[in-house]
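Note that the structure is predicted; figures quoted are calculated from it, not measured. Residue numbers begin at 1 in each chain, while the letters A, B, ... track the order of the sequences.
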2 protein chains.
Amino acid sequence: MKEGAQLTQAETGKRYDVFHADCPAREMVDHVTSRWGVWVLISLRNNDLRFYELRDSIQGISEKMLTQTLRALVQDGLIWREVEPTTPPKVTYGLSEFGQEVSEPLTDLFDRITQRLPPRSAG
Amino acid sequence: MKEGAQLTQAETGKRYDVFHADCPAREMVDHVTSRWGVWVLISLRNNDLRFYELRDSIQGISEKMLTQTLRALVQDGLIWREVEPTTPPKVTYGLSEFGQEVSEPLTDLFDRITQRLPPRSAG
DNA sequence: CAGGATCCTATCCGATACTG
DNA sequence: CAGTATCGGATAGGATCCTG
């Protein structure tokens with residue numbers, strides 16, 4: 001058997017033998033933690049959103065990057081995409097079950113950082 | 001007061017009003033979820049590591065990027081750096097308390113993805 | 001061993017224009 | 001509204017050489 005399979009943290013307690021380059025999880029994690037992927041996934045945690053809602057929600061994202069990010073995440077099976085062929089068209093995105101699984105630790109990460117960060121309102 | 005302060009997920013249940021561009025957490029999250037930052041943080045979860053151990057641990061990373069990533073994470077207060085001025089020098093890195101806080105959800109994310117991913121050994 | 005400095009390339013990504 | 005296609009600047013990041 002070709003090695004290169006990835007081990008979970010639980011299995012690797014011993015030393016530092018993780019992160020082979022050909023690990024399939026590498027690519028997936030890279031998508032999830034991509035510059036905009038993080039925010040798309042977190043945005044969709046509360047509710048499904050339409051394209052323009054996502055755009056407005058995530059300040060600074062361009063339509064191009066939103067499109068690209070959404071496409072990648074849909075391909076990865078993390079979010080679904082529903083098209084209502086009305087005029088004008090209406091496209092809605094939401095988390096798949098897997099997407100919810102994944103967005104949980106992401107939200108957790110986000111919350112831990114914001115909580116730790118500046119007591120900005122203290123000033 | 002200038003708005004733009006970030007709200008935690010818990011507070012925003014209502015709609016999609018998160019992710020202002022000037023949110024301080026944005027930058028921090030971007031560092032943490034950077035291409036290599038993720039793997040450095042996860043690598044250090046089990047034990048402190050020396051420079052070359054990190055390099056060997058994270059397949060595909062160049063020394064340049066490892067250096068850059070480490071420097072950024074040290075500046076953010078996520079990891080510490082200890083230099084023993086021997087010959088040759090010996091530099092060790094490890095997670096700060098904050099770094100441990102942050103690497104937890106990251107490891108969680110990683111584990112969820114690897115568990116979900118291909119039953120590669122099924123073939 | 002643990003980097004710094006330099007060069008150079010790939011890609012990211014925003015701006016713009018166009019489509020159904 | 002929700003994209004696609006194209007162009008060009010900015011940046012990420014690899015390769016190589018050099019230092020304490």
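Checking dG20(D), dG14(D), dC1(D) against the side-chain heavy atoms of Ser62(B) singles out dG14(D) as nearest. Taking every side-chain heavy atom of Phe51(B) into account, dA2(C) is the closest of dA2(C), dG13(D), dC1(D).
If you find the closest nucleotide of DNA chain C to Lys64(B) and to Gln68(A), the one lying nearer the 5' end belongs to Lys64(B).
Considering only side-chain N and O atoms, Arg71(B) lies under 4.0 angstrom from the phosphate OP1 or OP2 of dG4(C). Residue Arg81(B) places at least one side-chain N or O closer than 4.0 Å to OP1 or OP2 of dG3(C). Within the structure, every side-chain polar atom (N or O) of Arg50(A) is placed at least 4.0 Å from both OP1 and OP2 of dC1(D). A sub-4.0 Å separation between OP1 or OP2 of dG3(C) and a side-chain N or O of Tyr93(B) is present.
Using a 4.0 Å cut-off between charged side-chain N and carboxylate O, Glu63(A) and Arg55(A) make a salt bridge.
Ring geometry for Phe110(B) against Trp39(B) counts as perpendicular: the plane angle is over 60°, on a 0 to 90° scale with 30° as the lower cut.
A straight line from CG of Leu66(B) to C1' of dG4(C) spans 14 Å, rounded to a whole angstrom. We find that NZ of Lys90(B) is positioned 14 Å from P of dG3(C), with the value rounded to whole Å. Arg35(B) has its CZ atom 12 Å from the C1' atom of dA10(C), to the nearest Å. One atom, CD of Glu84(B), and another, P of dA2(C), lie 10 Å apart when rounded to the nearest Å. One interatomic measurement links the two molecules: CZ of Arg55(B) to C1' of dG13(D), which rounds to 17 Å at whole-angstrom precision. Whole-Å rounding puts the Glu63(B) CD to dT6(C) C1' distance at 16 Å. Atom pair His31(B):NE2 and dT11(D):P shows a separation of 13 Å (rounding to whole Å applied).
Nearest heavy-atom pair, Arg81(A) versus Val74(A), reported as atom, atom and distance to 0.1 Å: CB-CG2, 4.2 Å.
Applying the side-chain contact (heavy atoms from CB on, under 4.5 Å) criterion to Thr87(B), with sequence neighbours excluded, gives no partner residue.
Counting heavy atoms from C-beta on, the side chains of Leu54(B) and Tyr93(B) come closer than 4.5 Å.
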